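Single-structure report; data block below.
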Amino acid sequence: MARRFTNQEIAEIFEHIADMLEIQGEIPYKVMAYRRAAENIAALGRDIYDLWQEGALRTIPGVGEAIEEKIDQLLRTGRLELYERLKAEIPSGLLEMRQIPDMGPKRIKTVWEKLGITTVEELEQAARAGKLRDLPGFGAKLESKILAGIEAVRRRKIAGRVPLGAAWPLAQEILRALHEVPGVQRLAAAGSFRRMKETIGDLDFLVAAEDPEAVMERFTTLPIVETVLLKGSTKSSVRLRNGLQADLRVIEAARWGTALQYFTGSQQHNIQLREHALRRGYSLSEYALTRVESGEELLCATEEEVYERLGLAYIPPELREGRGEIEAALEGRLPRLVTIEDLQGDLQVHSTWSDGQASIRDMARAAKAKGYRYMLLTDHSQSLGVARGLTPERLREQRREVESVNAELGDGFRILHGAEVEIRADGRLDYPDEVLASLDLVVASVHTGLRQDRERVTARFLAAIHHPHVHIIAHPTGRLLGEREGADADWEAILRAAAETGTLLEINANPARLDLPDALARRALELGGYLVISTDAHSPGELDLIHFGVAVARRAWATPDRIANTWPLERLLRWAHEKPGRVRRRS
DNA sequence: GCCGTTTTCGGCCCGACTGTTTTCAGTCG
């Protein structure tokens, strides 16, 4: 049997195919088709093998007859003829050149054909020897830019995508600085940052101002700017010291709506929106909606106007990924997305009883101050030694403190006594059933053995989900963004079992995790499941991370009703206490 | 290569900036 590919690996193969076809000079639309298919496969909430077996590959947007056949060939035989052929034809060094700024497919093809250059090293030598400048479309300036680009790539001065949480403080710093510039009328961070995507490729800022010069000047001379990549009259790009690129566009306030819409993206959403506009007789750009027939410009000062004039309900930024949101807006079936104000409590909070940094009282006061009605205390269970997990005896002692703080805080807020219980390597839980039964709510999670094989990991999760006293599965995949992949498991089976047993799946709001990922969260909802959004706070300040989790839920199209910590306490507890009945019915 | 309340063929979003150019190609988003 052919080896198993992940969705990610298959997406990468099509991405490489697109790069190689592009260098070969294939028509751009074909290249775009492979890229789009790759993007949608990477963002799939389902295992592509399941779709393959169901004969449903064509339900993936951008997958038609030809690409379906190629996926089938790959999954059946473990090889893809087209891919192997292209790899034989196109030296791999040419693909590496794509990372160098200003080296696109045409220029790569030129140096390859005219000078026989096939590696970055050869490109560097040719540039140093002044051999590039005489090529058609090249010149002395471009030659030195290419050399600088090679150097930047080598010294890893060019960052790939960074986790949203890492980009957050940088964006705030830049926003603060731009806010101080005189004459700035409106200001926003756009792009994938505004869409709250889990990783950010670059930072995009939009400013409305009378005098673009002053804003551009301030932006390009910020202390955290390493180099200015380009600076025009309405657009500047810089590379920040950490390697992240930041772009700024300045426009007049009257065009704010179209500009913000354009700059927020995503590219796929914009393409689809602009196609939709054309069908309705408008050409849409960042400047205006233009009637195609008369050339008349309609200026939109707000995004709401843009969508309204196109006959669409307003589409929140988190949904703008080209995954059906325009059709939904057209038919008036966009979900009413969950907001931070909908939340009534935080369902994963630690204290100094295990590895937290604050007392139960301090955590509870902070939670109450946020307007919550409840908080689930979830210190670690005994086997997690590194986190000073609690023995059953300590857990009983802790209950007394919970009761005393509850009495102190009075009505209107309640600390629920719970625990974050290890799902052990054999699938059993880290406390005996009678201990679990004594808790208000039980959160179960995996911290060790994430690298077990797929069948074993899946079995562990299923065992926990079918346990009558487990109510929430925390940070399910165990991934750490930019550091560690999530566990390899049959997520479809896990999400389905969770939905059937009414086991809640956590969206962990910590920006290092964001787990469940948005695609799996959306699939969980499709399967009829319910989620919670929790911070996993280890200090009072970390309760504020909740907005990252809300963003993931919104990107998963979640309505408030499907997020269990929007429920009143009584409903939440009733739901939990009904679980043993649901488990029995299913087994 | 994908896709369809203009189409199963003929379209496929729109614009800024740079450098190499006498009017535009390439890259990028």
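Note that the coordinates shown come from a computational prediction; the quantities given were computed from them, not determined experimentally. Reminder, nothing fancy here: chain letters follow the sequence lines and each chain counts from 1.
- At whole-Å resolution of the value, CE in Met32(A) and P in dG11(B) are 16 Å apart.
- For the pair Arg274(A) and Lys145(A), nearest-nucleotide mapping onto DNA chain B gives the more 5' position to Arg274(A).
- Other residues, nucleotides and ligands contribute over 12 non-hydrogen atoms within 6.0 Å of the CD atom of Glu84(A).
- Counting any heavy atom pair closer than 4.0 Å across all strands shown, Arg280(A) reaches no nucleic acid atom.
- For the OP1/OP2 pair of dG29(B) and a distance below 4.0 Å, the side-chain nitrogens and oxygens of Ser192(A) include no atom meeting the criterion.
- The nearest heavy atom of DNA chain B to Ile108(A) and to Leu284(A) marks one nucleotide each, and the one closer to the 5' end goes with Leu284(A).
- The side chain of Lys30(A) has dG1(B) as its nearest neighbour among dC13(B), dT18(B), dG1(B).
- Between dC2(B), dT27(B), dT6(B), one nucleotide has an atom nearer to the side chain of Arg279(A) than all others, and that is dT6(B).
- In this structure, the CG atom of Asp247(A) is 18 Å from the P atom of dT27(B), given to the nearest Å.
- Close to dG26(B), at under 4.0 Å from its OP1 or OP2, lies a side-chain N or O of Lys106(A).
- Rounded to the nearest Å, the gap between the C1' atom of dT21(B) and that of dA25(B) is 9 Å.
- In this structure, the side chains of Glu303(A) and Thr264(A) come closer than 4.5 Å at one or more pairs of heavy atoms.
- Pro101(A) approaches Arg239(A) most closely through the heavy-atom pair CG-NH2, 4.5 Å.
- Here the P atom of nucleotide dA16(B) and the CG atom of Leu206(A) are 14 Å apart, to the nearest Å.
- Residue contacts shown for Val31(A) are absent, as no nucleic acid heavy atom lies under 4.0 Å away.
- Counting any heavy atom pair closer than 4.0 Å across all strands shown, Glu286(A) reaches sugar-phosphate atoms only and no base atom.
- A straight line from CZ of Phe263(A) to P of dC13(B) spans 20 Å, rounded to a whole angstrom.
- Nearest to the side chain of Ala66(A), among dG15(B), dC13(B), dC2(B), sits dC2(B).
- Here dG19(B) is the nucleotide among dG15(B), dC17(B), dG19(B) with the atom lying nearest to any side-chain atom of Leu142(A).
- Here dG1(B) presents its C1' atom at 9 Å from CD of Glu26(A), a figure rounded to the nearest Å.
- At a threshold of 4.0 angstrom between heavy atoms, the contacts of Pro105(A) are confined to the sugar-phosphate backbone, with no base atom among them.
- Taking 4.5 Å as the limit, some side-chain heavy atom of Arg107(A) sits within range of a side-chain heavy atom of Phe138(A).
- Taking the C1' atoms as reference points, dT27(B) lies 14 Å from dT20(B), given to the whole Å.
- Residue Pro28(A) is out of contact with every strand shown, counting any heavy-atom pair closer than 4.0 Å.
- For the pair Arg4(A) and Tyr49(A), the distance from NZ or CZ to the six-membered ring centre is under 6.0 Å and the angle to the ring normal is within 45 degrees.
- Between Phe548(A) and Trp168(A), the two ring planes are perpendicular [angle over 60°; tilted spans 30° to 60°].
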Begin from the C-alpha positions of Arg194(A) and Glu318(A) and carry the test salt bridge (charged side-chain N to carboxylate O under 4.0 Å, His left out) through to its verdict.
-> CA-CA 8 Å; Arg194(A) 181 162 182 247; Glu318(A) 295 94 331; over 6 Å; no

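- Here, dG11(B) and dA16(B) have their C1' atoms 26 Å apart, quoted to the whole Å.
- Distances from the side chain of Leu278(A) to the nucleotides dC17(B), dC2(B), dC14(B) place dC14(B) closest.
- Regarding Ile326(A), its CD1 atom lies at a distance of 14 Å from the P atom of dT5(B), rounded to whole Å.
- Remark: the separation of the C1' atoms in dC9(B) and dC14(B) is 25 Å, to the nearest Å.
- A gap of 13 Å separates the P atoms of dG26(B) and dT22(B), to the nearest Å.
- Taking only distance into account, the side chain of Tyr262(A) meets the base of dG29(B) through a donor-acceptor pair shorter than 3.5 Å.
- Among the atoms of the strands shown, base atoms are found under 4.0 Å from some heavy atom of Gln267(A).
- At least one donor-acceptor pair closer than 3.5 Å links the side chain of Thr258(A) to the backbone N or O of Glu286(A).
- Nucleic acid contact for Ser233(A): sugar-phosphate only, since backbone atoms but no base atoms lie under 4.0 Å from a heavy atom of the residue.
- Between Arg249(A) and dC17(B) there is no side-chain polar atom (N or O) within less than 4.0 angstrom of OP1 or OP2.
- At the heavy-atom level, Ala140(A) lies under 4.0 Å from the strands shown only through sugar-phosphate atoms.
- A sub-4.0 Å separation between OP1 or OP2 of dG29(B) and a side-chain N or O of Gln245(A) is present.
- Proximity note for Ile271(A) (side chain, C-beta onward) versus dC3(B), dG15(B), dC13(B): the nearest is dC13(B).
- Spacing of C1' atoms, dT8(B) relative to dC3(B), comes out at 9 Å, to the nearest Å.
- Atom P of dG15(B) sits at a distance of 26 Å from the matching atom of dG10(B), rounded to the whole Å.
- A distance-only check finds no donor-acceptor pair linking the side chain of Arg291(A) to the backbone of Gly295(A) [under 3.5 Å].
- Figure legend. dT8(B) is base-paired to no nucleotide; pairs are counted as Watson-Crick or G-U wobble with both atom distances under 3.5 Å.
- Listed pair Lys235(A) / dA16(B) fails the phosphate criterion, with no side-chain N or O lying under 4.0 Å from OP1 or OP2.
- Residue contacts shown for Asp102(A) are limited to sugar-phosphate atoms, with no base heavy atom under 4.0 Å away.
- In terms of phosphate contacts, Ser283(A) brings a side-chain nitrogen or oxygen within less than 4.0 Å of OP1 or OP2 of dC14(B).
- In terms of phosphate contacts, Tyr29(A) brings no side-chain nitrogen or oxygen within less than 4.0 Å of OP1 or OP2 of dG10(B).
- For Leu132(A) and dT20(B), the CG to C1' distance is 15 Å, given to the nearest whole Å.
- Considering only the side chain of Lys141(A), dG19(B) comes nearest among dC12(B), dT27(B), dG19(B).
- Following rounding to the nearest Å, Lys231(A) (NZ) and dT18(B) (P) show an atom-to-atom distance of 10 Å.
- Going from the C1' atom of dC13(B) to that of dG29(B) covers 12 Å, rounded to whole Å.
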